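The structure presented is a predicted model; accordingly, all values stated were derived computationally and were not measured.
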2 protein chains.
Amino acid sequence: MSDPRNQDSWRNLGEFIRSQRELARLSMRQLAEIANISNPYLSQVERGLYKPSADVLKSIAGALQISAETMYAQAGLLDKDAAGDSAHGVEQALRLDPRLSNDQKETLIRIYRGFLESR
Amino acid sequence: MSDPRNQDSWRNLGEFIRSQRELARLSMRQLAEIANISNPYLSQVERGLYKPSADVLKSIAGALQISAETMYAQAGLLDKDAAGDSAHGVEQALRLDPRLSNDQKETLIRIYRGFLESR
DNA sequence: CTGTTTCGCTAAGTATACCAAGCACTTGCA
DNA sequence: TGCAAGTGCTTGGTATACTTAGCGAAACAG
């Protein structure tokens with residue numbers, strides 16, 4: 001996790017949480033109690049000293065009545081992988097279908113790719 | 001975050017990662033290198049011994065060419081299940097693929113449905 | 001057979017996310 | 001004045017996420 005750009009993301013995340021908490025007119029102790037975390041830890045998170053784990057983030061988001069996605073986006077954990085890869089709609093859908101075995105997935109993908117080549 | 005109900009989510013997450021890794025025909029060391037984590041840690045994650053942090057999850061998702069949302073959904077970190085809808089999207093993805101002829105689409109859908117029935 | 005490579009895993013250590021107790025400050029009410 | 005209750009923050013510790021070194025089995029080469 002060597003991306004130094006993320007350093008800032010975490011600091012901004014703290015500021016974001018603090019601003020949302022103040023908007024909701026909650027003290028640190030109040031928010032901490034609702035989110036089931038300790039108030040010193042919340043303090044440290046808001047000042048960017050620590051990266052909260054994903055479930056803590058989700059918990060805080062819930063306590064602030066914010067969607068988890070928004071929270072993760074603010075934390076820089078959802079950034080859109082625009083990196084021109086997946087024109088693979090079919091393959092991804094296949095891979096993610098829980099009703100197929102891996103063998104069946106491979107069979108379908110092989111046939112699919114065969115069709116693409118024969119154009 | 002002592003919610004014991006989540007235990008299963010993490011175990012399933014490990015199985016999900018392992019299955020996706022095998023589908024991509026990557027060894028643990030290969031995936032670990034791409035995702036910038038150590039291979040023993042990946043092993044422990046796949047067996048449900050540890051909860052990977054959000055940025056590790058994101059990194060693994062990137063290495064497996066899966067969207068971060070899908071990963072978080074599998075990890076039970078997103079209350080919204082919108083990301084999981086792609087699981088039901090095989091037929092739709094097939095129909096929308098402009099590179100396939102109608103005959104080819106029908107063939108694939110027929111095989112796909114056959115697999116589903118044979119369970 | 002021996003040596004090499006690659007596989008997944010274990011063991012043991014380091015780094016850090018997180019908690020309980022308590023400090024310094026302010027506000028307000030006696 | 002004086003103390004009670006609230007605020008955010010510091011300290012010191014525990015739990016756990018994560019790493020590096022290395023083991024034993026399987027596969028293949030010489």
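Within the 4.5 Å cutoff, no side-chain heavy atoms of A:Lys105 are placed close to those of A:Glu91.
For D:dG8, the OP1/OP2 oxygens have a side-chain nitrogen or oxygen of A:Arg21 closer than 4.0 Å. Taking only side-chain nitrogens and oxygens, A:Arg29 never comes nearer than 4.0 Å to OP1 or OP2 of D:dA5. Within the structure, a side-chain polar atom (N or O) of B:Ser43 is placed less than 4.0 Å from OP1 or OP2 of C:dC9.
With a 6.0 Å radius and a threshold of 12 heavy atoms from other residues, nucleotides or ligands, B:Glu33 has its CD atom at or below the threshold. Around the CD atom of A:Glu106, the shell of radius 6.0 Å holds more than 12 heavy atoms that belong to other residues, nucleotides or ligands.
Atom C1' of nucleotide C:dA15 and atom OH of A:Tyr50 are separated by 10 Å, given to the nearest angstrom. The distance between atom CD1 of B:Ile37 and atom P of D:dT19, rounded to the nearest whole Å, is 7 Å. Between B:Leu42 atom CG and D:dT20 atom P the separation is 14 Å, expressed in whole Å. In this structure, B:Asn36 places its CG atom 11 Å from P of D:dT20, rounding to the nearest Å. To the nearest angstrom, C1' of D:dA17 lies 15 Å from CG of A:Leu57. Rounded to an integer number of Å, the gap from A:Gln44 CD to D:dG8 C1' is 11 Å. Atoms CG (A:Leu31) and C1' (D:dG8) sit 13 Å apart, rounded to a whole Å. Nucleotide D:dA17 holds its C1' atom 14 Å from the CG atom of B:Leu13, rounded to whole Å.
Taking every side-chain heavy atom of A:Asn39 into account, C:dG22 is the closest of C:dG22, D:dT19, C:dG8. Closest to the side chain of A:Arg18, from the set C:dC9, D:dG8, D:dT11, is D:dG8. Among the nucleotides C:dC19, D:dG8, D:dT19, the one closest to any side-chain atom of B:Tyr41 is D:dT19.
Along DNA chain D, the nucleotide closest to B:Pro40 and the one closest to B:Ala54 are compared, and the more 5′ of them pairs with B:Ala54. Between B:Gln30 and B:Leu49, it is B:Gln30 whose nearest contact on DNA chain C lies nearer the 5' terminus.
One finds the OG1 atom of A:Thr70 at 12.0 Å from the CG atom of A:Leu57 (value rounded to the nearest 0.5 Å).
As judged by a 4.0 angstrom heavy-atom cut-off over every strand, B:Ser27 is placed among residues touching the sugar-phosphate backbone only. Within the nucleic acid shown, B:Ser53 comes within 4.0 Å of sugar-phosphate atoms alone, with no base atom in reach, counting heavy atoms only. Across all strands, B:Arg47 comes closer than 4.0 Å only to sugar-phosphate atoms, never to a base (heavy-atom distances). No engagement by A:Glu46 is indicated, since no non-hydrogen atom pair under 4.0 Å with the nucleic acid exists.
Looking only at atom types and distance, the side chain of A:Asp55 has a donor-acceptor partner in the side chain of A:Ser53 under 3.5 Å away.
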